[in-house]
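Please read the structure below before turning to the comments.
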Amino acid sequence: MPCGGSIGTAAIGVTGGDTVADWLDELNPAQCEAVTHGDGPLLIVAGAGTGKTRTLACRVAHLIQEGVPPERILLLTFTRRAAAEMIHRCGHVTGRQTAGQVWGGTFHAVANRLLRVYGRALDLADGFTVLDQSDAADLMNLVRTELGFAKRKRRFARKSTLLSIYSRMVSADRPLEETLETHFPWCQDDAEPMRQIFEGYARRKRDGRLLDYDDLLLYWSALCVTPKVGEVVSGRFDHILVDEYQDTNPIQAEILRGMHRRCRNICVVGDDAQSIYSFRAATVRNILDFPKQFPGARTVTLEQNYRSIQPILAASNAVMEQARERYTKDLFSDRRSDQKPILMTCVDERGQCDVVCTLILEHLEQGIPLMNQAVLFRTGHHSAMLEVELSRRNIPFRKFGGLKFVEAAHIKDMLALLRVLENPFDEISWFRILLLLDGIGPRTAARIMDHLGVRQSPPASNGVDDVDANPVSPLQRLAVDPPTVPPASREHFGRLRTVLSECCGTRVNGKADNGKPRPKQRQQGLSLSTQVDRIRSFYEPIFERIYENPQIRLRDIDQLSQIAAGYRSRSRFLTDVTLDPPETTSDLAQAPFLEEDYLTLSTIHSAKGCEWTVVHIIHAADGMIPSDMAVGDEDGIEEERRLLYVAMTRAKDSLYVHFPLRYYHRRFDMGDGHGYAQRSRYLTDAVCALFEQRTAGVDDDLDLDEETTRAADPYGRVSRLWKA
DNA sequence: GGCATGTGTATTTTT
DNA sequence: TACACATGCC
């Protein structure tokens, strides 16, 4: 295999050739070694911007050209977008058709796919529902309420916290006490009630055919060690490749070990300096211990960075130099430049917004489209003020991270209605739907659900005729033998009955079509989009009563219908929407909008794996980066440092780090009290020396334009007199 | 008993 | 804004 000895900047993109040989010519020796590695485990330690994606895509193409059937290659990535991107690139060489047969996706999405096929081996009825985070939290809440914790002398952990604790415990595979002690010390007193809640939660999931995100992984792992099926599943692939391995958790590593039974060729790629998901129980141990866990593994290290100019890399490296543990790589770049990254000190957040907007427009005029520019921040709401300003100036943008479309209450309502059709035993969805109806609260909802047999917990079932091997579907029950409901809700309830019956093909007052009313039952007659329409006309009147500004929300529902229109299968639609939700509301924007040039706003977490010509990092103040929630322990502080490193290394040519001097603490009120911020602790003097320092909108800025004048704050000025 | 309404309180990152 | 909890009304 020919490997080009030297490479130039041409290696950044896929330029000429359309064979693997041409590609290999453009790779550096280390990349080439990784791509052409033969059989056996392979660890690729790849620093930021070292052409990791390219290498992985190229390896897949190489394997296919060597004769490995594409459908026997499994490519696990962090987001589905990343998988699609890689398979797309690989398609340049092998042809789209061929590349499209590669199994690609997140661990969760692949788990789902495998479980749909082999789940029966685990006693997992087909037609299971995947719970997203807030569904899971709702179920947690349901159990908590039921157990009735009368001891409310103190505030109990909120439902999302309960779920975090549970999830962390499960995905790190550590006992409750330890989890609480290390990560949730303020909840330690409630360990006992939590045990009961978790017990109930797990049981309810099992009984209701519900899998949360962690379950998808757990069940996949279990599949691997199941006697006969384990062989089949792990024997299904010749090669497994895993991207972003530093952000996998112990269960995911366990899955790989399980798959290793039959599949000898496991290849993982990652960078210990970029691990930023420990809150999800990800651990760098996975990558560090890989050679131990997979004996005979070969290790290849990629150190040449093709993305950033040297000064940006120098500043990024300087940030990491103070890390508690040193990292093994030494990144270097051939891309010389005299332009240092810029540290911009602003008066306050307002000033920061102004300068960011101004710089973005300047770069745009210099010919850098918005597509190649991004603004990164620590948490979703950090961009709130900037979003307003961008809109005011008509700068189009898309935001990644933060609140998602599917998390909106009204979207969840719609989905709940569809889910009940798909899986009539889905308790949370029933509960959600019933509470929408006037005059029905938790108690009545629970009574109705009992009547319908939504939760058929096996031991409690006293019925002789409906053994749980083949229980009567709650939907059948609803049609044939409706429960009594309070007068106030009679009308709404009747409409609910009608719409559900229409959609699932049962007849109100008719007889149950004998036999097997399993959740899997085919949609009889009504297409998915017709079902969505029906549900919608049922829901809209309720919706208009509940929500204050239905207009805006109504548009979301339109968009949901649009997405659904792209699907034939209801089940496929539902799982896709929970496993790979549209990232932003504008993801759903109509085609013409997508053509437009737009700026990217993103949380640093969501920016992983991406790159832009110009990058702005905002709120580089202590308390923001690092977030003051993370400064409790040293590990947290170290992780935030890596977070800043990840953010900085996204930039190719220009990096701006913005630091607002003053913050108003209007957390819950509109007071105008404020305090002065500290520069992020990671930006030490040594690091700052590698930046060009500028100020924006402060007193000595003689070039006052309208914006900066508006940013001036008389109160702030005088208050300095007594604030020293 | 059960539901609707009001009030006070927060901690981030995501499959 | 959303959620946990307390009170008031049927």
Side-chain angles (χ1 to χ4, degrees), chain A residues 76-83 105-112 130-138 141 144-145 149-150 152-164 167-168 171 184 186 211-217 244 247-249 251-252 275-282 376-382 384 400-404 406-409 434-435 437-447 486-489 545-546 548 575 578-581 583 602-608 619 623-632 636 639-640 642-643 646-647 667-669:
Chain A
L76 293 163
T77 53
F78 203 71
T79 62
R80 192 180 286 196
R81 214 170 65 199
T106 60
F107 272 89
H108 295 86
V110 171
N112 173 60
V130 178
L131 300 181
D132 71 14
Q133 185 168 319
S134 70
D135 296 325
D138 284 346
N141 196 32
R144 194 237 316 250
T145 326
F149 281 103
R152 38 184 120 73
K153 53 187 178 202
R154 222 163 29 82
R155 259 179 113 79
F156 202 76
R158 50 164 62 192
K159 60 180 181 181
S160 55
T161 313
L162 282 174
L163 184 68
S164 305
S167 177
R168 173 130 210 164
S171 36
F184 303 87
W186 63 92
L211 298 193
D212 63 22
Y213 285 138
D214 300 319
D215 290 331
L216 286 170
L217 302 182
E244 309 281 9
D247 285 320
T248 53
N249 64 34
I251 301 289
Q252 288 167 314
S275 108
I276 52 175
Y277 276 87
S278 71
F279 68 91
R280 227 166 72 183
L376 308 182
F377 35 86
R378 175 65 178 83
T379 75
H381 66 263
H382 280 172
F400 293 87
L403 250 120
K404 296 233 170 69
V406 279
E407 314 254 306
L434 291 171
L435 283 189
L437 307 181
D438 241 347
I440 295 184
R443 294 314 278 221
T444 315
R447 190 176 53 75
S489 50
R545 180 176 55 83
I546 300 181
E548 292 176 5
T575 34
T578 49
L579 252 32
D580 186 31
E583 295 256 13
S602 175
T603 58
I604 299 174
H605 283 91
S606 295
K608 190 161 93 136
H619 291 298
M624 316 299 248
I625 309 177
S627 158
D628 31 54
M629 273 127 264
V631 298
E639 177 143 323
E640 299 280 311
R642 294 191 294 269
L643 211 43
V646 168
R667 304 247 293 266
F668 309 116
D669 64 331

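Predicted model, so just to flag it, every value in this text is computed and none were measured. Per chain, numbering begins at 1; letters A, B, ... match sequence-line order.
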Under the side chain to side chain contact (heavy atoms under 4.5 Å, CB included) rule, collect the residues that match up with [X], sequence neighbours excluded.
X        : value
A/Ala281 : A/Ser171, A/Ala172, A/Asn249
A/Ala83  : A/Thr77
A/Arg443 : none
A/Ala630 : A/Glu640

Sugar-phosphate only, base, or nothing, as touched by A/Ser627 at under 4.0 Å among non-hydrogen atoms = base

Base, sugar-phosphate, or nothing for A/Phe78, non-hydrogen atoms under 4.0 angstrom?
-> sugar-phosphate

Got a sec, which residues hit side chain to side chain donor-acceptor pair (under 3.5 Å) with A/Asp132, two or more places apart in sequence or on another chain?
-> A/Ser134, A/Lys412

Quick one: closest heavy-atom pair of A/Thr578 and A/Tyr213, and the distance?
-> O-OH, 2.8 Å

Specify the separation, in whole Å, of atom [atom1] of [X] and atom [atom2] of [N].
X        : N      : atom1 : atom2 : result
A/Met629 : B/dA10 : CE    : P     : 13 Å
A/Leu76  : B/dT15 : CG    : P     : 15 Å
A/Glu639 : B/dT13 : CD    : C1'   : 9 Å

Taking C-beta and beyond as the side chain, do A/Thr444 and A/Leu434 meet within less than 4.5 Å on heavy atoms?
-> no

[N] phosphate, OP1 or OP2, under 4.0 Å from [X] side-chain N/O:
X        : N      : result
A/Thr79  : B/dT15 : no
A/Ser606 : B/dT14 : yes
A/Arg158 : B/dT11 : yes

Centroid under 5.5 Å and tilt under 30°, A/Phe279 to B/dT13 | yes

What N/O pairs connect the protein and nucleotides 1-5 of chain B at under 3.5 Å? Give each pair on its own line.
residue : atom : partner  : partner atom : Å
B/dC3   : OP1  : A/Gly441 : N            : 3.0
B/dC3   : OP1  : A/Thr444 : N            : 3.0
B/dC3   : OP1  : A/Thr444 : OG1          : 2.1
B/dC3   : OP2  : A/Arg443 : N            : 3.3
B/dC3   : O5'  : A/Gly441 : N            : 3.2
B/dA4   : OP1  : A/Gly439 : N            : 3.0

Spell out yes or no: do the side chain of A/Arg280 and the base of B/dT13 have one donor N/O and one acceptor N/O closer than 3.5 Å?
-> no

Residue whose closest nucleotide on DNA chain B lies nearer the 5' end, A/Ala630 versus A/Asp214 = A/Ala630

